[in-house]
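Below: the structure, in structure tokens.
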Amino acid sequence: MRTFAKVLAVTAVAAIAVTGCGRSNTTTGGGAAPTSAPAVSDVPASGASGASDTSGTSGASGASGASGASGSSEPSGGSGAAAFPADALIGVALPQKTSENWVLAENLFKTDLAAAGFKADVQFANGGVSEQQNQITAMVTKGAKVIVVGAIDGSQLGSQLKAAKDSGAIVIAYDRLLKNTAAVDYYIAYDNFKVGVLQGKALLEGMAKKKPKGPYNIELFAGSPDDANAQVFFDGAMSILKPKIDDGTLKVTSGQKDFQQVVTQGWKAENAQKRMDALLTAHYTSAVLDGVLSPNDTLARAIITSVKAAGKPVPVVTGQDSEVESVKSIMAGEQYSTINKDTRNLVKDTITMLTTLQKGGKPDINDPKSYNNGVKVVPAHLLPPLIVTKENAKEAYANDPTLSPLTK
Ligand code: BGC
């Protein structure tokens with residue numbers, strides 16, 4: 001098992017820094033998506049998909065086609081003439097290291113692309129959007145046949161992606177949709193609307209376990225507004241929470257309920273921690289905070305740090321990414337939930353897509369219609385996310401050599 005360095009941007013907030021615990025990036029058994037029944041029911045998001053209409057991510061709910069999508073089905077093509085050489089250069093443009101999953105992806109892409117016979121150029125853009133633009137341009141210049149993009153800002157890469165297409169390269173949006181451009185061929189990701197749905201349900205269930213009846217005081221947090229996923233996570237969660245806000249079961253004490261009011265710029269822990277500090281001071285001197293919708297683990301730990309520093313009891317806090325420190329926190333009874341979006345499976349399915357494309361085949365698409373990026377509907381390969389709480393952590397991480405020992 002190899003480990004990766006903890007070089008996440010979040011380490012600026014010492015109290016929530018992830019230290020000393022390597023996360024496996026092995027692909028052995030990479031097909032091992034957890035199969036256990038989630039603690040929070042895995043509702044089909046039908047009826048919820050319309051919620052994304054206001055988001056500017058029109059139709060990006062993507063939930064309906066994803067159920068049962070394991071990514072394991074055979075490619076539907078592959079017998080045609082090779083589309084590009086089997087040892088072609090593949091560019092992978094990753095965003096900033098805002099969560100462990102991106103660091104895992106970097107390592108997996110490097111090793112697995114090489115194992116599949118490709119040449120790999122895998123880049124992070126910690127410097128921001130212009131760095132990512134330059135990296136994509138450089139990949140085109142070097143002759144990359146496919147460019148896989150985890151965008152910092154999926155709306156800011158139009159001309160670089162067009163140049164990639166003009167050079168004959170295939171463009172794949174990885175994890176985050178590429179918006180407002182025709183220059184994207186496929187989208188591969190976990191079903192992000194469903195992630196939000198599962199977070200909303202976990203928040204309700206966690207609070208009901210502590211206090212059977214509402215009303216419950218809650219606060220809402222969203223991710224970075226430049227990341228196309230942030231609104232989708234929020235819309236998924238609000239598809240569950242809004243009816244409960246409307247009927248009075250939930251009270252957002254601060255009144256901050258709109259996406260723009262609750263975003264966390266750059267997915268930065270310190271921004272979430274500062275906002276939580278301010279909310280506690282302004283609204284919770286006497287009121288009790290029952291729950292917080294947090295879009296990912298990094299922000300969940302920042303929120304918990306803030307609450308503890310204020311000397312308040314830890315509310316029910318959701319998360320996402322199954323980060324090492326959050327899995328520990330869940331097992332210790334602090335953070336309530338996370339989401340397992342096993343990076344090994346996402347990278348594995350991306351490589352399968354690449355090898356299929358290389359052979360001139362058609363990739364396995366299980367949602368051909370939900371991901372309208374503003375210019376075109378991008379054919380999507382979606383994987384199913386899994387909610388994880390203390391109750392199902394052992395089964396959920398049974399095949400993860402790093403997380404499994406934490407659940408014993
Ligand atoms: C990913 C999440 C991650 C966030 C911050 C999102 O686009 O889907 O898994 O927590 O970025 O890195």
Side-chain angles (χ1 to χ4, degrees), residues 6-13 16 18 23 55 57 60 62 66 93-106 108 124-126 128-129 132 148-157 173-179 187-199 221-237 259 263-272 293-303 317-327 335 337-347 349-350 371 380 382-388:
K6 297 288 176 188
V7 282
L8 305 183
V10 296
T11 51
V13 179
I16 59 153
V18 181
R23 177 84 176 269
S55 68
T57 56
L94 297 171
Q96 287 130 329
K97 298 179 183 180
T98 43
S99 42
E100 284 178 6
N101 52 332
W102 296 112
V103 183
L104 284 165
E106 176 196 32
L108 288 165
F124 270 110
N126 283 308
V129 172
Q132 188 162 54
V148 177
V149 185
I152 297 170
D153 182 335
S155 300
Q156 299 291 324
L157 301 173
Y174 173 89
D175 189 284
R176 301 172 173 179
L177 189 58
L178 292 162
K179 307 283 293 287
Y187 178 43
I188 183 160
Y190 278 89
D191 184 334
N192 291 314
F193 189 86
K194 191 161 163 189
V195 166
V197 169
L198 293 172
Q199 289 171 333
F221 282 71
S224 191
D226 49 2
D227 171 2
N229 283 350
Q231 177 95 51
V232 182
F233 298 143
F234 188 71
D235 288 346
F259 178 71
V263 293
T264 309
Q265 291 293 339
W267 286 102
K268 287 203 169 107
E270 61 262 37
N271 292 339
L293 174 75
S294 167
N296 82 354
D297 286 348
T298 300
L299 305 190
R301 297 195 302 279
I303 289 160
V317 183
T318 60
Q320 164 173 212
D321 293 333
S322 297
E323 295 200 338
V324 168
E325 290 305 309
S326 282
V327 173
Q335 186 174 324
S337 65
T338 185
I339 299 276
N340 196 12
K341 303 194 302 184
D342 194 326
T343 306
R344 295 172 301 170
N345 291 337
L346 190 56
V347 172
D349 283 10
T350 308
Y371 287 84
L382 300 183
L383 288 81
L386 178 76
I387 190 83
V388 183

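Because only heavy atoms are used, hydrogens play no part in the values below, and waters and symmetry mates are left out as well, while side chains stay in. The structure displayed is predicted, hence computed values, not measured ones. Each ligand, and each atom within it, is numbered from 1 in the order the structure gives.
Summary of contacts: the protein heavy atom closest to atom 11 (O) of ligand 1 is Arg176 NH2, 2.8 Å. What sits closest to atom 12 (O) of ligand 1 on the protein, heavy atoms only, is Ser99 OG, 2.6 Å. Shortest contact from atom 1 (C) of ligand 1 to any protein heavy atom: Asp175 OD1, 3.4 Å. Ranking the protein heavy atoms by distance from atom 6 (C) of ligand 1 puts Asp227 OD2, 3.2 Å first.
Checking side-chain atoms of Asn192 against main-chain N and O of Asn229 turns up no donor-acceptor pair under 3.5 Å. Remark: the backbone N or O of Ile339 is paired with a side-chain donor or acceptor of Ser322 at under 3.5 angstrom. Side-chain atoms of Glu100 come within 3.5 Å of backbone N or O of Val324 as a donor-acceptor pair. At least one donor-acceptor pair under 3.5 Å links the side chain of Asn271 to the backbone N or O of Gln265.
Not close to ligand 1: Tyr190, with no non-hydrogen atom less than 4.0 angstrom away.
Within the model, atoms CG of Asp321 and CG of Asn296 stand 5.0 Å from one another, a figure rounded to the nearest 0.5 Å. Lys97 contributes atom NZ, which lies 11.5 Å from atom CG of Leu104 (distance to the nearest 0.5 angstrom).
Those atoms of ligand 1 with a heavy atom of Lys341 less than 4.0 angstrom away are 1 (C), 2 (C), 8 (O), 9 (O). Taking every heavy atom of Phe233 and a limit of under 4.0 angstrom, the matching atoms of ligand 1 come to 8 (O).
Only the side chain of Asp321 comes within contact range of ligand 1, with a heavy atom under 4.0 Å; no backbone atom does. Residue-level proximity to ligand 1 for Asp297 is absent, since no heavy atom of it falls below 4.0 angstrom. Counting heavy atoms closer than 4.0 Å to ligand 1, residue Tyr174 contributes nothing at all. For Trp102, every heavy-atom contact with ligand 1 shorter than 4.0 Å involves the side chain, none the backbone.
No side-chain N or O of Thr338 forms a donor-acceptor pair with one of Glu323 less than 3.5 Å apart.
Note: no N/O pair closer than 3.5 Å links Asn192 and ligand 1 by distance alone.
Looking at Pro95, Pro295, Ser99 one by one, the single match for side-chain contact (heavy atoms from CB on, under 4.5 Å) with Trp267 turns out to be Pro295.
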